[in-house]
Amino acid sequence: MRTRVVITGIGGICGLGTDATSIWNEMKAGRPAIGQVVNADLHQLKVQVGSEIKALPEHGLERRRLVTMDRFSLLAILAAKEAMRQSGLTVGAENTYRIGATVGVGVCGWEAIEENYRALLLQGKNRADIFSVPKVMPGAAAGQVSMEFGLRGPVFGVTSACSSANHAIASAVDQIRLGRADVMLAGGTDAPLVWGIMKAWEALRVLSPDTCRPFSADRQGLVMGEGAGMAVLESYEHATARGAVILGEIAGVGISADASDIVAPTVEGPEAAMRFCLADAGFNPEDVDYLNAHGTGTKANDQIETAAIKRAFGDHAYKLSVSSTKSMHGHALGASGALEMIACVMAIREGIVPPTANYREPDPDCDLDITPNVAKERPVRAALSNAFAFGGTNAVLAFKAG
């Protein structure tokens, strides 16, 4: 019999709020956190809107720790602290080697990279910051989280662009299913609101000049966001043995690749990931009530995802409640799937589907129920969360009540 993997704590931080409760409340209200970026000098970029964390909460980390980490690692620690508090889990000598962490990252420590480039190339300094390498490496967030809590089990970073968080959560599920750990902290983080990253995305011509309108006929592209989301995952036996409150269960995982184009998605790859996820969870299509779409707000992505959902779910596609919360927290790259995990868990717990904000015009190629602008009350027995990335890497997670 396969090991069940349950969720006993969630934590998050993004433009919508500095904890999971605030994030969920803003999602339910359909209030986007998208506007002018004020905390970063974007040097006259054409597009200067994003979903930004205006101020970080008090974190209590000592300066000697802070100087070793980039912003994306700090955000992961903040989200992980909240998840650990909610779980009530304590780490000690008896379990330190049975608890690990996997953290997805899309673009690594670009704040530190940019600071070093400017110091060396523009200011004429002759050496880089001594902690540059440990700050920028994609696995830094996982390492910093493990040090914060004393986790000595499986610890590693995961990077697959915009699918990173879902892949990290899937990897954590595997560690528990394989018996390598009893508990895993898993999620994703990214802090891409820096000039170099925004300039690169600007070159792709996919950034919206004002806001994100997934599935709306007048959509103009995606909006970048920053943030982190983390969950405490445990085997069902471990969680019940310690009397933990179970928030939900990760029922299944589906992973596929397009093997087609580095930036252009296919219908077949996302469809396969959704089908694999349903099979892994033991779900029929009609068992799923809510689907948190990848929903970036670009013309191609939203049309292709709609077609893939129809192929994976058949006639039930038109009975699904679908929404893209990126319309509110932006595309946080490696953190997106982790923030959307919060939406799925809470939708199941409260029976509320968060809306797709900013929707204005129907698109005949995006004709599913995308929950426009206003949250919907309905029982949610199970939810799927889609993540599709450049490189054609697809990861879908299935959630249900624990």
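Start at 1 with the first residue, then count along the sequence.
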Chemist: With Phe399 as reference, evaluate Ile348, Val288, Leu247 under the side-chain contact (heavy atoms from CB on, under 4.5 Å) test and give the passing residue.
Modeler: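 By the side-chain contact (heavy atoms from CB on, under 4.5 Å) criterion, Phe399 pairs with just one of Ile348, Val288, Leu247: Ile348.
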Chemist: Tell me whether Ser163 contacts the main-chain N or O of Thr393 through its side chain, where contact means a donor paired with an acceptor under 3.5 Å.
Modeler: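 Here the side-chain-to-backbone pair exists.
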Chemist: Can you establish whether the number of heavy atoms outside Gln44 located under 6.0 Å from its atom CD is more than 12?
Modeler: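 No, the 6.0 Å shell around CD holds no more than 12 heavy atoms from other groups.
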Chemist: Applying side chain to side chain contact (heavy atoms under 4.5 Å, CB included), run through His329 and Cys212 and close with a yes or a no.
Modeler: CA-CA 9 Å; His329 56 68; Cys212 182; over 6 Å; no
Chemist: Say whether Ser216 and Glu361, considering side chains only, have a donor N or O and an acceptor N or O under 3.5 Å apart.
Modeler: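 Glu361 and Ser216 do not have a side-chain donor-acceptor pair below 3.5 Å.
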Chemist: Heavy-atom distance under 4.5 Å between the side chains of Met198 and Pro192, does that happen here?
Modeler: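 In short, these two side chains do not touch, never coming nearer than 4.5 Å.
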Chemist: Between Arg4 and Glu249, does any NZ, NE, NH1 or NH2 come within less than 4.0 Å of an OD or OE carboxylate oxygen?
Modeler: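 Looking at Arg4 together with Glu249, the answer is yes, because their closest N to O distance falls below 4.0 Å.
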Chemist: Decide if atom CD1 of Ile130 counts as having more than 12 heavy atoms of other residues, nucleotides or ligands within a radius under 6.0 Å.
Modeler: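 For Ile130, atom CD1 is not crowded (no more than 12 foreign heavy atoms under 6.0 Å).
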Chemist: Should the ring pair His294 and Phe388 be called parallel, tilted or perpendicular, given that the plane angle runs from 0 to 90° and is split at 30 and 60?
Modeler: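 Tilted, since the angle between the ring planes falls between 30° and 60°.
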Chemist: Run the numbers on Tyr318 and Asp369 for side chain to side chain contact (heavy atoms under 4.5 Å, CB included), then give the verdict.
Modeler: CA-CA 7 Å; Tyr318 289 96; Asp369 176 10; over 6 Å; no
Chemist: Would you compute the distance between atom CD of Glu111 and atom CE of Met69 and round it to the nearest 0.5 angstrom?
Modeler: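 Answer for the CD-CE pair, Glu111 versus Met69, is 12.5 Å.
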Chemist: Under a 3.5 Å distance rule, please check whether Ser164 uses its side chain to pair with a backbone N or O of Gly104 as donor and acceptor.
Modeler: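 Judged by distance alone, no pair lies under 3.5 Å.
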Chemist: For Ile370, is there any backbone N or O sitting under 3.5 Å from a side-chain donor or acceptor partner on Thr356?
Modeler: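 Yes, the answer is positive, given that a donor and an acceptor are paired below the 3.5 Å cut-off.
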Chemist: Got a sec: does the CD of Glu377 have more than 12 other heavy atoms crowding it under 6.0 Å?
Modeler: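 Open.
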Chemist: Drop me the distance from Ile255's CD1 to Cys277's SG, to the nearest 0.5 angstrom.
Modeler: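 If I round to the nearest 0.5 Å, the distance is 9.5 Å.
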Chemist: Output yes when Arg219 and Asp363 qualify as a salt bridge under the 4.0 Å nitrogen-oxygen rule, no when they do not.
Modeler: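 Here Arg219 pairs with Asp363 in a salt bridge, since their nearest N and O are under 4.0 Å apart.
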Chemist: Does a side-chain heavy-atom distance below 4.5 Å link Leu233 with Ile176?
Modeler: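 Counting from C-beta outward, Leu233 and Ile176 do come under 4.5 Å.
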Chemist: Is the closest basic N to carboxylate O distance between Lys310 and Asp367 below 4.0 Å?
Modeler: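 Between Asp367 and Lys310 there is a salt bridge, with a charged N closer than 4.0 Å to a carboxylate O.
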Chemist: Closest approach of Ile10 and Gln86, non-hydrogen atoms and distance?
Modeler: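 Ile10 and Gln86 have their closest heavy atoms at N-OE1, 2.9 Å.
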Chemist: Tell me, with the steps shown, if Arg2 and Asp280 meet salt bridge (Lys or Arg N to Asp or Glu O under 4.0 Å).
Modeler: CA-CA 11 Å; Arg2 189 174 71 175; Asp280 190 48; 2.6 Å; yes
Chemist: Taking OH in Tyr236 as the centre, count heavy atoms belonging to other residues, nucleotides or ligands within less than 6.0 Å. Is the count above 12?
Modeler: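 Counting neighbours around OH of Tyr236, 12 or fewer heavy atoms of other residues, nucleotides or ligands fall under 6.0 Å, so no.
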Chemist: Measure across Val103 and Ala142 and return the closest heavy-atom pair with its distance rounded to 0.1 Å.
Modeler: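 Looking at all heavy atoms of both residues, the closest pair is CG2-CA, 3.7 Å.
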Chemist: Output yes when a side-chain donor or acceptor of Glu52 lies under 3.5 Å from a complementary backbone atom of Asn39, and no otherwise.
Modeler: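 Checked: pair present.
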Chemist: Report the C-alpha separation of Thr102 and Ile169 in whole Å, then their side-chain angles, then the decisive distance to 0.1 Å, and conclude whether the side chain to side chain contact (heavy atoms under 4.5 Å, CB included) test is met.
Modeler: CA-CA 7 Å; Thr102 53; Ile169 294 169; over 6 Å; no
Chemist: For Lys46, does the NZ atom have more than 12 heavy-atom neighbours from other residues, nucleotides or ligands under 6.0 Å away?
Modeler: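 Not more than 12 within 6.0 Å, no.
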Chemist: Indicate yes or no: does Glu350 engage Lys28 in a salt bridge with an N to O separation below 4.0 Å.
Modeler: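 Salt bridge flag = yes for Lys28 with Glu350.
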Chemist: Got a salt bridge between Arg360 and Asp210, using NZ or NE/NH1/NH2 to carboxylate O under 4.0 Å?
Modeler: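 A salt bridge is absent here (no side-chain N lies under 4.0 Å from a carboxylate O).
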Chemist: Let's go through Glu286 and Lys319 carefully: what are the C-alpha distance in whole Å and the side-chain angles of both, what is the deciding distance for salt bridge (Lys or Arg N to Asp or Glu O under 4.0 Å) to 0.1 Å, and is it a yes or a no?
Modeler: CA-CA 8 Å; Glu286 57 269 20; Lys319 299 177 183 178; over 6 Å; no
Chemist: Below 30° counts as parallel, above 60° as perpendicular, anything between as tilted: where do the rings of His331 and Trp201 land?
Modeler: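 Tilted: the ring planes of His331 and Trp201 meet at 30° to 60°.
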Chemist: Rounded to the nearest 0.5 Å, how far apart are CD1 of Ile342 and CH2 of Trp24?
Modeler: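 Nearest 0.5 Å value for the CD1-CH2 distance: 10.5 Å.
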Chemist: Any salt bridge linking Glu202 with Lys199? Criterion: basic side-chain nitrogen under 4.0 Å from a carboxylate oxygen.
Modeler: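 Answer for the salt bridge query: yes.
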Chemist: When you measure from the side chain of Ser256 to the backbone N and O of Asn394, does any donor-acceptor pair fall under 3.5 Å?
Modeler: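 Not confirmed, Ser256 side chain does not pair with Asn394 backbone.
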Chemist: With a sphere of 6.0 Å drawn around CG of Asp218, does it hold more than 12 non-hydrogen atoms of other residues, nucleotides or ligands?
Modeler: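 Buried by this count: over 12 neighbours within 6.0 Å.
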Chemist: Please determine, by modelled atom types, if Asn292 and Tyr290 share a side-chain donor-acceptor pair under 3.5 angstrom.
Modeler: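 A pair is found: one side chain offers a donor N or O, the other an acceptor, under 3.5 Å apart.
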Chemist: Measure the spacing between CD of Gln48 and NE2 of His43 and express it to the nearest 0.5 Å.
Modeler: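 Here the rounded value is 9.5 Å.
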Chemist: With a 6.0 Å cut-off (strictly less than), is the heavy-atom count around CZ of Arg180, excluding the residue itself, greater than 12?
Modeler: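 No - once you tally the heavy atoms of other residues, nucleotides and ligands closer than 6.0 Å, there are 12 at most.
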Chemist: Heavy atoms only: give me the nearest Ala165-Ala338 pair and the separation to one decimal.
Modeler: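 Looks like CB-N, 3.4 Å.
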Chemist: Is there a donor-acceptor pair closer than 3.5 Å between any side-chain N or O of Asp258 and the backbone N or O of Ser260?
Modeler: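 Side chain of Asp258 to backbone of Ser260, a donor-acceptor pair under 3.5 Å: no, none is there.
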Chemist: Please report the shortest heavy-atom distance between Leu56 and Leu75, naming the atom on each side.
Modeler: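 Taking Leu56 first and Leu75 second, the nearest heavy atoms are CD2-CD2, 3.7 Å.
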Chemist: Are Ile7 and Val345 packed together at the side-chain level, in the sense that at least one heavy-atom pair is separated by less than 4.5 angstrom?
Modeler: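 Answer yes - side chains close enough.
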Chemist: Answer with yes or no whether the side chains of Ser22 and Asp19 bring together a donor and an acceptor at under 3.5 Å.
Modeler: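 Asp19 vs Ser22: donor-acceptor pair found between side chains.
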Chemist: Where do Gln144 and Thr68 land on the side-chain hydrogen bond (donor to acceptor under 3.5 Å, both in side chains) test, with the steps shown first?
Modeler: CA-CA 9 Å; Gln144 293 284 5; Thr68 70; 3.2 Å; yes
Chemist: Measure the CG-CG distance between Leu120 and Asn126 for me, rounded to the nearest 0.5 Å.
Modeler: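 Interatomic distance, Leu120 CG to Asn126 CG, rounded to 0.5 Å: 8.5 Å.
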Chemist: For Asp182 and Asn95, does a side-chain donor sit closer than 3.5 Å to a side-chain acceptor?
Modeler: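 Absent: no donor and acceptor within the cut-off.
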Chemist: Taking atom types as modelled, find out whether Ser171 and His167 have a side-chain donor-acceptor pair closer than 3.5 angstrom.
Modeler: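 On atom types as modelled, these side chains do not qualify, holding no pair under 3.5 Å.
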Chemist: Asn358 side chain to Ser327 main-chain N or O, any donor-acceptor pair under 3.5 Å?
Modeler: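 Yes, because the side chain of Asn358 sits within donor-acceptor range (under 3.5 Å) of the backbone of Ser327.
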Chemist: For residues Ser321 and Arg378, is any side-chain donor paired with an opposing acceptor at under 3.5 Å?
Modeler: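 Note: Ser321 and Arg378 side chains meet the donor-acceptor criterion.
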Chemist: Find out whether the Lys NZ or Arg CZ of Arg71 is both under 6.0 angstrom from the six-membered ring centre of Trp110 and within 45° of the ring's axis.
Modeler: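 Negative - Arg71 is either too far from the ring of Trp110 or too far off its axis.
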Chemist: Of all the heavy-atom pairs spanning Ser336 and Gly330, show the shortest one and how long it is.
Modeler: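 Where Ser336 meets Gly330 most closely, the heavy atoms are OG-O, 4.3 Å.
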Chemist: List the steps, then state whether side chain to side chain contact (heavy atoms under 4.5 Å, CB included) holds for Leu61 with Leu74.
Modeler: CA-CA 9 Å; Leu61 293 176; Leu74 176 57; 3.4 Å; yes
Chemist: With no hydrogens and no angle check, just 3.5 Å: does a side-chain donor-acceptor pair link Glu305 and Thr296?
Modeler: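 No - no donor-acceptor pair under 3.5 Å links their side chains.
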Chemist: How close do Leu384 and Cys344 get, heavy atom to heavy atom, and via which atoms?
Modeler: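 Shortest heavy-atom contact: O-SG, 3.9 Å.
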Chemist: Please check if the side chain of Asn166 supplies one atom and the backbone of Asn386 the other of a donor-acceptor pair under 3.5 Å.
Modeler: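 It does not hold such a pair.
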Chemist: Could you tell me the separation between the OG1 atom of Thr18 and the CG atom of Leu78, rounded to the nearest 0.5 Å?
Modeler: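 Atom-to-atom, Thr18:OG1 and Leu78:CG are 9.0 Å apart.
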Chemist: Can you check whether Ser385's main-chain N or O pairs, donor with acceptor, with Glu340's side chain at less than 3.5 Å?
Modeler: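 It does not hold such a pair.
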Chemist: Between Thr189 (side chain only) and Ser73 (backbone N and O only), is there a donor and an acceptor less than 3.5 Å apart?
Modeler: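 Flag not set: sc Thr189 to bb Ser73 has no pair under 3.5 Å.
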